[in-house]
Amino acid sequence: MTQNVSEKDPQSCKIFIVDDDEQQANLMRAMAETVQLKTHLFTNSIDFLNTTINANDTVVLDLQMPDKDGIEIMRELAAQNINPNFILVSGFDERVLHSAKQLAESKNLNVVSTLSKPIKAKEFIALLSNTYEKCLDNHNQELISGLSANNTEQITIEELKLAIRKHQFIIHLQPLVSLNNKEIQSAEILLRWQHPTIGLVLPDQFIPLAEDHKLMNLLTEEILRLAINEYHNLTTSGINIKISINLSAQNITDLSMPEKLEALIKNNQIEPDSIVLEVTESALMNETSESLDILNRLRMKGFSLSIDDFGTGYSSLVKLYQAPFSELKIDQHFIIHMAADPDAAAVVRICILLARELKMHTVAEGVETEEIWNQLKELGCDIAQGSFITNPMTTEDFIPWVKNWKMEHTDNA
Ligand code: C2E
Ligand code: CA
Ligand code: CA
C-alpha cells in the first residue's frame with residue numbers, strides 16, 4: 001500500500017520513507033512531524049521507484065523488503081544516476097548495515113547514516129533534521145552559484161580545449177601540515193576552471209572528460225606552468241615549502257616524461273626534492289611496465305612520489321611493493337569516517353603501520369575535526385590535510401594564511 005502526501009510539495013529536498021512495515025513507516029513519519037518535517041511514505045518499493053527523486057532529497061530506506069530490497073533499490077537508482085541522500089535502516093546487525101553502506105558508496109551513492117531497528121526517536125529526529133538542513137543549504141548554494149548538475153553536464157570537449165588555449169584554469173592551494181609540530185610541509189596544487197558563464201568548476205567535473213579525450217598531457221603542461229609560477233611567489237615571500245602536484249594516468253604513459261619534467265624544473269631553478277608527485281592507485285591500475293619505468297626514473301631524479309587515495313584502488317599492496325613511493329596518502333574516506341567507524345579506524349591504523357615498515361611517511365587527507373587530528377596524532381601519522389586546518393584557497397589568500405598560521409603555531413616563527 002502506498003500513501004502519498006497530498007499537501008503542496010516543495011520542488012526539492014523531499015523526505016521519502018520506504019519501509020514495507022506500515023506501522024514502522026508511520027512511526028517514523030510521526031517522529032519527523034515532531035520537528036515539522038513533511039514525509040512521503042512508501043510501503044511498496046516498486047511504487048517508490050516510479051516516483052521522481054532528486055539529488056537533494058532524502059530517502060530513509062529499509063534494507064529488507066519483500067518485492068525489491070534496499071540494495072536493489074540503490075542499485076537501480078545508481079544505474080539511473082539518481083543520487084539522493086540515503087539513511088539506511090535495518091533489523092539486521094550493524095555489520096549488515098555497514099557493508100550495505102560500503103556497497104552504496106562504491107557506487108558513488110551518498111549514505112548519510114545507518115540506523116538499527118528499533119529506531120531511537122531522538123537519534124532519528126536529530127539525524128533527519130540535520131540531513132534536511134544540509135540538503136536545503138546545498139540546494140540554495142546550487143541556486144546561487146548556478147552550478148547545478150545540468151549546467152556542468154553541458155561542458156563539451158570543444159569548450160575544454162578552448163579553455164586550455166585561453167588559459168581559463170587557475171590553481172587553489174591546500175596546505176599539508178606536520179601533526180607533530182604543525183609546520184607546513186607542502187601545498188597541494190588543486191586545479192579549478194574559471195568558466196566564463198558557469199563560474200568556478202571543480203576538477204571532478206572536467207578531469208574525467210579531459211582524460212577520456214587524451215587531453216591530460218596538455219592540461220598538465222598548464223598546471224605545471226601555474227605551479228612553477230606559484231612556487232616562485234612562495235619562495236619570494238620567504239615561504240620554503242614543497243609543492244604537491246597530482247598526476248593523472250595519462251601522464252605516466254609517456255616514457256620521456258621524467259626527462260621533460262626534470263628539464264622544465266631545472267630551467268626554472270627549482271630542485272626536484274621540492275616537488276611531490278601524487279599518483280592515484282587507480283592511475284596505476286592498468287599498470288604496464290612503462291608506468292613502473294617512469295616512476296622509478298622520477299624517483300631517481302630526486303622527485304618525491306606519493307601514492308594518493310591509498311586503500312581504494314585495485315591491488316594496492318602490489319603497487320606499494322613495486323614502485324618507489326616515498327609517501328602514502330591514506331584515502332580521505334577512511335579518515336572522514338574513522339572517528340565514528342571502528343573499521344575505518346582499523347584501516348587507518350594498518351596503513352600507518354605499513355608505511356612505517358616500508359620507511360614511507362603517511363599523509364591523512366580529509367581531516368575535518370580536532371577529534372580526528374588527535375586520533376591521527378596518537379596513531380603516529382605524520383602529516384594532515386583537510387578542512388580542520390583549512391579548505392583549499394586561492395593563491396592570493398595562501399601567503400597571508402601561511403604567515404598567520406606560522407605566527408599562531410610555530411615557536412620560532
Ligand atoms: P585528491 O587529489 O584526492 O584531492 C583532495 C580533494 O579533497 C580535493 O578536492 C580537496 O579539496 C578535497 N578535500 C580537502 N580537504 C578535505 C576535507 O577535509 N574534507 C573533504 N570532504 N574534502 C577535502 P578537489 O580540489 O575537488 O579535487 C578533486 C580531485 O581532482 C583530486 O583529488 C584529484 O584527483 C583531481 N585533481 C585536482 N587537481 C588536479 C590536477 O592538477 N591534476 C590532476 N591530474 N588531478 C587533479
Ligand atoms: Ca591528491
Ligand atoms: Ca586523495
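Remember, it's 1-based here, ligands and their atoms both numbered in the order they're listed. Please read these numbers as outputs of a predicted model, since none were measured by experiment. Heavy atoms only: backbone and side chains are in, while hydrogens, waters and symmetry mates are out.
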Output, in order, the C-alpha distance, side-chain angles, deciding distance and verdict of side-chain contact (heavy atoms from CB on, under 4.5 Å) for T34 and F124.
CA-CA 11 Å; T34 63; F124 181 73; over 6 Å; no
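- Considering only heavy atoms from C-beta on, E230 stays 4.5 Å or farther from I243 through its side chain.
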Determine whether K329 and E188 satisfy the following criterion, salt bridge (Lys or Arg N to Asp or Glu O under 4.0 Å), listing intermediate values before the conclusion.
CA-CA 12 Å; K329 216 166 172 182; E188 181 171 2; 2.8 Å; yes
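- Few gaps surround CD on E259; more than 12 heavy atoms of other groups in view lie less than 6.0 Å from it.
- Taking 4.5 Å as the limit, every side-chain heavy atom of T362 sits out of range of all side-chain heavy atoms of L376.
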Nitrogen or oxygen contacts under 3.5 Å, ligand 1 side and protein side:
{"residue": "ligand 1", "atom": "2 (O)", "partner": "E188", "partner atom": "OE2", "Å": "3.2"}
{"residue": "ligand 1", "atom": "2 (O)", "partner": "N246", "partner atom": "OD1", "Å": "3.1"}
{"residue": "ligand 1", "atom": "2 (O)", "partner": "D308", "partner atom": "OD2", "Å": "3.1"}
{"residue": "ligand 1", "atom": "3 (O)", "partner": "D309", "partner atom": "OD1", "Å": "3.3"}
{"residue": "ligand 1", "atom": "3 (O)", "partner": "E365", "partner atom": "OE2", "Å": "3.4"}
{"residue": "ligand 1", "atom": "7 (O)", "partner": "Q332", "partner atom": "NE2", "Å": "2.8"}
{"residue": "ligand 1", "atom": "15 (N)", "partner": "Q174", "partner atom": "NE2", "Å": "3.0"}
{"residue": "ligand 1", "atom": "18 (O)", "partner": "S387", "partner atom": "N", "Å": "2.8"}
{"residue": "ligand 1", "atom": "18 (O)", "partner": "S387", "partner atom": "OG", "Å": "3.2"}
{"residue": "ligand 1", "atom": "19 (N)", "partner": "E368", "partner atom": "OE2", "Å": "2.6"}
{"residue": "ligand 1", "atom": "21 (N)", "partner": "Q332", "partner atom": "OE1", "Å": "3.4"}
{"residue": "ligand 1", "atom": "21 (N)", "partner": "E368", "partner atom": "OE2", "Å": "3.1"}
{"residue": "ligand 1", "atom": "22 (N)", "partner": "Q332", "partner atom": "OE1", "Å": "3.0"}
{"residue": "ligand 1", "atom": "25 (O)", "partner": "R192", "partner atom": "NH1", "Å": "2.9"}
{"residue": "ligand 1", "atom": "25 (O)", "partner": "R192", "partner atom": "NH2", "Å": "2.9"}
{"residue": "ligand 1", "atom": "38 (N)", "partner": "L191", "partner atom": "N", "Å": "3.1"}
{"residue": "ligand 1", "atom": "42 (N)", "partner": "N246", "partner atom": "O", "Å": "3.4"}

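- Here 4 is the count of protein N, O or S atoms positioned under 3.0 Å from the Ca ion (ligand 2), waters not counted.
- Side-chain contact check for E368 versus I335: every heavy-atom pair is 4.5 Å or farther apart.
- Between S90 and T114 there is no side-chain heavy-atom pair separated by less than 4.5 Å.
- Considering only heavy atoms from C-beta on, V177 comes within 4.5 Å of W405 through its side chain.
- Between I275 and I245 the shortest side-chain heavy-atom distance falls below 4.5 Å.
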